[in-house]
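Below is one structure, written out as structure tokens, with a few remarks after it.
If you read the sequence from its start, that first residue is 1, and numbering goes on from there.
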Amino acid sequence: MTFAMIEFLGLYLLAASMQPHRGVLLGGWRSIASPRATVIAGWSLLALSFGLAVASRQPTDIVTWFGLLPLACGTILLGLSFAPHLARAAMIAGLAGGLAAMILH
């Protein structure tokens with residue numbers, strides 16, 4: 001399920017590349033990361049996560065990847081709409097959970 005964490009991070013970076021969301025999602029990093037760099041990083045992470053899902057031994061991982069796509073987008077969208085101050089915290093918590101899953105797996 002490493003691909004799920006990478007997929008969520010890629011979508012987060014794609015959302016952060018958009019001008020209205022940069023300040024909320026990147027915070028102080030917005031001056032360092034250019035919109036072009038976040039777009040390239042976001043699409044690269046999405047491609048990597050899809051490649052990991054395809055290369056997995058479990059056949060359900062591809063279906064899971066496509067199922068997590070709208071779920072992750074909806075999570076980011078709702079976070080931006082209703083609790084923008086918690087959007088970064090949710091991303092960090094998701095990455096921490098993904099790293100913990102990778103270590104325990």
Could you give the side-chain donor-acceptor pairs of residues 52-59 under 3.5 Å, partners two or more places apart or in another chain?
from, atom 1, to, atom 2, distance (Å)
Ser56, OG, Gln58, N, 3.2
Ser56, OG, Asp61, OD2, 2.4

What pairs of donor and acceptor atoms, side-chain ones from residues 8-15 against any protein atom, are under 3.5 angstrom apart with sequence neighbours left out?
from, atom 1, to, atom 2, distance (Å)
Tyr12, OH, Leu25, O, 2.7

Contacts table for residues 76-84: side-chain donor-acceptor under 3.5 angstrom, sequence neighbours left out:
from, atom 1, to, atom 2, distance (Å)
Ser81, OG, Leu77, O, 2.9

Let me have the donor-acceptor pairs involving side chains of residues 63-75, under 3.5 Å, with sequence neighbours excluded, atom names and distances please.
from, atom 1, to, atom 2, distance (Å)
Thr64, OG1, Thr60, O, 2.8
Trp65, NE1, Ser49, OG, 2.9
Thr75, OG1, Leu71, O, 2.7

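No side-chain heavy atom of Leu48 sits under 4.5 Å from any side-chain heavy atom of Ser44.
Cluster partners of Met18, using a side-chain heavy-atom cutoff of under 4.5 Å among ILVMFWY residues and allowing indirect links: none.
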